[in-house]
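One-based numbering along the sequence shown.
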Amino acid sequence: MNENLGKGKRGSWPDIAFGLFLIIVGAVALIETRDLKMGTTMDMGPGFMPRVLASILGVAGVITVVKNAFKPQARIEAVRLRSLLLVCSSFAAFALLLPTFGVVVATIALAVLSMLAGEKVKKKELIIYPIALAVFTTLAFVVGLKLPMSIWPTFL
C-alpha cells in the first residue's frame with residue numbers, strides 16, 4: 001500500500017467516480033425524456049416521474065462528489081475479473097433459464113452465481129438466501145403482479 005495515501009492529498013476517488021456516474025445517468029435520463037409531456041403534480045404526464053427520479057439521481061451525484069472531494073485520498077482498487085464474470089453470468093443465466101426453467105430455478109441460479117462472486121461465501125447462506133429470494137420473487141411477480149411467467153420448468 002502507498003505510504004503517502006491519505007496524507008495531504010484529498011478526494012476519495014472511488015466515491016467521486018460513483019458520484020460522477022450518478023450525475024451522468026441522471027443527465028442521460030433527463031435528455032432521453034425531454035420529448036415526454038411533463039404535466040403537473042395533479043395531472044402527471046409520462047415524463048414526470050422519470051424526470052423527477054433523474055433529477056434526484058443527479059443531485060445525489062453532486063452531493064456525493066462534493067462530500068467526498070474533501071475526504072482523505074483513497075485509491076480505486078483493481079477490478080476482480082472473477083467477480084465481474086460471475087455477476088454478469090448470473091444475469092445471463094437468469095435470462096436464459098427463465099423461459100424454460102421458470103422463476104424459481106432462474107432466481108436460484110442468479111442468486112448462487114452472484115453470491116459466489118464474493119470473497120467469503122458461507123454454505124448456510126448459499127442455501128438459505130437463494131431459496132428465500134426465489135420465494136419472494138415468485139410471490140411478488142407471479143402471484144402479486146400476475147406476470148405471465150411459469151413458476152416451475154415448463155417440461156415438468
Checklist entry - Please walk me through it: do Glu125 and Val121 pass side chain to side chain contact (heavy atoms under 4.5 Å, CB included)? => result CA-CA 7 Å; Glu125 292 173 354; Val121 182; 5.9 Å; no

Checklist entry - Are Ile108 and Phe141 connected in a single hydrophobic cluster, I mean Ile/Leu/Val/Met/Phe/Trp/Tyr linked by side-chain heavy atoms less than 4.5 Å apart? => result yes

Checklist outcome for this item: Contacts satisfying salt bridge (Lys or Arg N to Asp or Glu O under 4.0 Å) that involve residues 35-50 (not counting sequence neighbours) are none

Checklist entry - After noting the C-alpha distance and the side-chain angles of Val65 and Leu22, does the key distance pass the side chain to side chain contact (heavy atoms under 4.5 Å, CB included) rule? => result CA-CA 10 Å; Val65 168; Leu22 291 179; over 6 Å; no

Item to check | Where Val104 and Ala134 come nearest, the two heavy atoms and their spacing | outcome: O-CB, 4.0 Å

Checklist outcome for this item: One should read off an interatomic distance between Leu20 CG and Thr64 OG1, to the nearest 0.5 angstrom, of 9.5 Å

Item to check | Point-to-point distance, once rounded to the nearest 0.5 Å, from CZ of Arg51 to CD of Glu32 | outcome: 12.0 Å

Next on the checklist: Looking at Phe70, I'd like to know if its CZ atom is crowded, meaning that more than 12 non-hydrogen atoms belonging to other residues, nucleotides or ligands lie closer than 6.0 Å.
Outcome noted: no

Item to check | Minimum heavy-atom distance Ala109-Leu97, with the two atoms named | outcome: CB-CD1, 3.5 Å

Checklist entry - So if you build clusters from Ile, Leu, Val, Met, Phe, Trp, Tyr with side-chain heavy-atom gaps below 4.5 Å, do Leu145 and Val143 land together? => result no

Next on the checklist: Looking at every non-hydrogen atom in both residues, tell me the closest pair between Met38 and Phe48 and how far apart they are.
Outcome noted: O-CB, 3.3 Å

Next on the checklist: If we ignore hydrogens and angles and just use 3.5 Å, is the side chain of Arg80 paired with the main-chain N or O of Gly118 as donor and acceptor?
Outcome noted: no

Checklist outcome for this item: In this structure, CE of Met49 is separated from CD1 of Ile56 (nearest 0.5 Å) by 7.0 Å

Checklist entry - With a 4.5 Å limit on heavy-atom distance, are the side chains of Leu85 and Cys88 in contact? => result no

Checklist entry - Which heavy-atom pair separates Ser83 from Ala117 by the least distance, and what is that distance? => result OG-O, 2.7 Å

Checklist outcome for this item: Taking every heavy atom of Leu30 against every heavy atom of Ser55, the minimum-distance pair comes out as CD2-OG, 3.9 Å

Item to check | Residue of the set Ile23, Val25, Ile24 for which side chain to side chain contact (heavy atoms under 4.5 Å, CB included) holds with Phe21 | outcome: Val25

Checklist entry - Same cluster for Val87 and Leu110 if Ile/Leu/Val/Met/Phe/Trp/Tyr side chains link at under 4.5 Å? => result yes

Checklist entry - Does one hydrophobic cluster hold both Leu126 and Leu113, with members joined at side-chain heavy-atom distances below 4.5 Å? => result yes

Item to check | Qualifying residues under side chain to side chain contact (heavy atoms under 4.5 Å, CB included), relative to Lys71, sequence neighbours excluded | outcome: Ser12, Asp15, Asn68

Next on the checklist: Once rounded to the nearest 0.5 Å, what's the spacing between atom CG of Leu133 and atom OG1 of Thr138?
Outcome noted: 9.0 Å

Item to check | Trace of the side chain to side chain contact (heavy atoms under 4.5 Å, CB included) decision for Val142 with Leu147 | outcome: CA-CA 5 Å; Val142 179; Leu147 293 180; 5.7 Å; no

Next on the checklist: Quick check on the hydrophobic clustering: are Ile16 and Val66 connected, directly or via other members, by side-chain heavy-atom contacts under 4.5 Å?
Outcome noted: yes

Checklist outcome for this item: Note: Pro50 and Thr33 closest approach over all heavy atoms is CB-CG2, 3.7 Å

